K.L.:
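Here you go, one structure.
The chain is numbered in sequence order, starting from 1. As the structure is a computational prediction, the values presented were derived from the model and not from experiment.
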Amino acid sequence: MIKAIIFDCFSVLIGDASKMAMERLEQTSPEKAEQFRSATHAADKGIITEEEAGRVQASLLGISEDELRELRRRGETRNVELIEYIKNSLKGHYKLALVSNVSSRARLDSRFLPGELNELFDVVIASGDVGCTKPQPEIYYLAAARLGVMEEECVMLDDIMAYCEGAREVGMNAIQFKTTAQGIADLEHFIDRGGKSY
């Protein structure tokens, strides 16, 4: 029985402008795209700050740091439909977590309304705060432990297949998120709608 649902943040709950910029860069310069990706991963693990990563990434894109911040601001749109679904259909029935490859919890909080993450989720894990990233097994084990459930009692929604595979490798269920309608429909197949699961 599924007792806990774990959500990714970027490209699931919040649009991911950085990912789109990196994909465009990949078309013109795979080498620069790899450097962009490396800066992201270093920030996600807390090795460098988000500001340091931003300086590198803006340079690789040939834009200013202010332009990069504006690009992210415009691209990071809220998935209102999914947030409302969590709030109205899942909260109170399942244990809920947000697990994101991002430099810090503060970086997540800044993308949501004040106090919203605490209202939506029982557990919030930013990779930079714990020193490991998806798809490392440790971050999935940590999520299950903090939720107080077994790995097989979890289902993870993530847009990146490698991160879904990482979840499956530790015994979790996983859904690759492509669209909101598809993500919700696939999740409904996993969960028992008959009331509280914990």
K.L.:
Quick test of your reading of the model: are Arg168 and Glu151 salt-bridged, counting only N-O distances below 4.0 Å?
P.N.:
no

K.L.:
Is there a continuous path of hydrophobic side-chain contacts, each under 4.5 Å between heavy atoms, that joins Phe190 to Met172?
P.N.:
no

K.L.:
Would the distance check show the side chain of Ser89 and the main-chain N or O of Ile86 forming a donor-acceptor pair, the cut-off being under 3.5 Å?
P.N.:
no

K.L.:
Under a 3.5 Å threshold, yes or no: a donor from one side chain and an acceptor from the other, between Asp44 and Ser103?
P.N.:
no

K.L.:
Less than 4.0 angstrom from a charged side-chain N to a carboxylate O is my criterion; do Arg146 and Asp122 meet it?
P.N.:
no

K.L.:
Do Asp159 and Lys178 meet the salt-bridge criterion of a basic N to acidic O distance under 4.0 Å?
P.N.:
no

K.L.:
If we only count heavy atoms from C-beta on, is the Phe10 to Ser100 side-chain gap below 4.5 Å?
P.N.:
yes

K.L.:
Transitively linked via ILVMFWY side-chain contacts under 4.5 Å: Ile125 with Leu108?
P.N.:
no

K.L.:
Taking all atoms of both residues into account, what is the closest heavy-atom pair of Phe7 and Met156, and its distance?
P.N.:
C-CE, 4.5 Å

K.L.:
Here's a test for you: under side-chain contact (heavy atoms from CB on, under 4.5 Å), which of Ile184, Asp158, Asp186 qualifies with Ile175?
P.N.:
Asp186

K.L.:
For a 4.5 angstrom cut-off between non-hydrogen side-chain atoms, does Val12 reach Leu82?
P.N.:
yes

K.L.:
Which distance, rounded to the nearest 0.5 Å, do you find between the NE2 of His189 and the CD1 of Ile2?
P.N.:
13.5 Å

K.L.:
Could you state the interatomic distance from OG1 (Thr77) to CG (Asn79), rounded to the nearest 0.5 Å?
P.N.:
8.0 Å

K.L.:
With a 4.5 Å limit on heavy-atom distance, are the side chains of Leu120 and Leu98 in contact?
P.N.:
no

K.L.:
Work out which heavy atom in Lys19 is nearest to a heavy atom in Asp16; give both atom names and the distance.
P.N.:
N-OD1, 3.0 Å

K.L.:
Between Met161 and Gln176, does a side chain to side chain contact (heavy atoms under 4.5 Å, CB included) hold up when you go through it step by step?
P.N.:
CA-CA 6 Å; Met161 179 53 79; Gln176 185 180 18; 3.1 Å; yes

K.L.:
Nearest 0.5 Å, what's the OG-CG distance between Ser18 and Leu68?
P.N.:
6.0 Å

K.L.:
Please tell me whether Val155 and Tyr140 are part of a single hydrophobic cluster in this structure, the criterion being side-chain heavy atoms less than 4.5 Å apart.
P.N.:
no

K.L.:
Taking the side chain as every heavy atom from C-beta outward, state whether Glu26 and Phe36 have any atom pair closer than 4.5 Å.
P.N.:
no

K.L.:
Can you tell me how far OG1 of Thr179 sits from CD of Glu81, rounded to the nearest 0.5 angstrom?
P.N.:
9.0 Å

K.L.:
What heavy-atom pair brings Ala167 and Ala174 nearest, and what distance separates the two atoms?
P.N.:
CB-CB, 4.2 Å

K.L.:
Return the minimal non-hydrogen interatomic distance between Ser127 and Val102, and the atom names on each side.
P.N.:
OG-N, 3.0 Å

K.L.:
Given the rule that I, L, V, M, F, W and Y join up when any side-chain heavy atoms are under 4.5 Å apart, are Ile5 and Leu147 in one cluster?
P.N.:
no

K.L.:
Shortest non-hydrogen contact from Tyr163 to Lys134?
P.N.:
CE2-O, 3.4 Å

K.L.:
Does either side chain, that of Gln57 or that of Arg72, offer a donor lying less than 3.5 Å from an acceptor on the other one?
P.N.:
yes

K.L.:
Would you say His41 and Ser38 make side-chain contact, with heavy atoms under 4.5 Å?
P.N.:
no

K.L.:
Calculate, to the nearest 0.5 Å, the distance between atoms CG and CG belonging to Leu90 and Leu187 respectively.
P.N.:
6.0 Å

K.L.:
Does Arg107 come within less than 4.0 Å of Glu51, counting only side-chain N to carboxylate O?
P.N.:
yes

K.L.:
Distance from Ile47 atom CD1 to Glu52 atom CD, nearest 0.5 Å?
P.N.:
11.0 Å

K.L.:
Are any side-chain N or O atoms of Glu23 and backbone N or O atoms of Met20, one a donor and one an acceptor, separated by less than 3.5 Å?
P.N.:
no

K.L.:
When you measure from the side chain of Glu76 to the backbone N and O of Arg73, does any donor-acceptor pair fall under 3.5 Å?
P.N.:
no

K.L.:
For Thr133, is there any backbone N or O sitting under 3.5 Å from a side-chain donor or acceptor partner on Gln136?
P.N.:
yes

K.L.:
Is the shortest heavy-atom distance from the side chain of Val149 to the side chain of Cys154 under 4.5 Å?
P.N.:
yes

K.L.:
Is it true that Glu116 and Arg78 have a side-chain N and a carboxylate O under 4.0 angstrom from each other?
P.N.:
yes

K.L.:
Would you say that Val123 contacts Leu96 through its side chain, given a criterion of any heavy-atom pair below 4.5 Å between the two side chains?
P.N.:
no

K.L.:
Between the side chains of Glu70 and Arg74, is the shortest nitrogen-to-carboxylate-oxygen separation below 4.0 Å, so that they form an ion pair?
P.N.:
yes

K.L.:
Could you tell me whether the side chain of Glu153 and the main chain of Met150 form a donor-acceptor pair under 3.5 Å?
P.N.:
yes

K.L.:
Which heavy-atom pair separates Ala53 from Ala43 by the least distance, and what is that distance?
P.N.:
CB-CB, 3.9 Å

K.L.:
May I ask you to test the Phe112-Leu13 pair for a side-chain heavy-atom distance under 4.5 Å?
P.N.:
yes

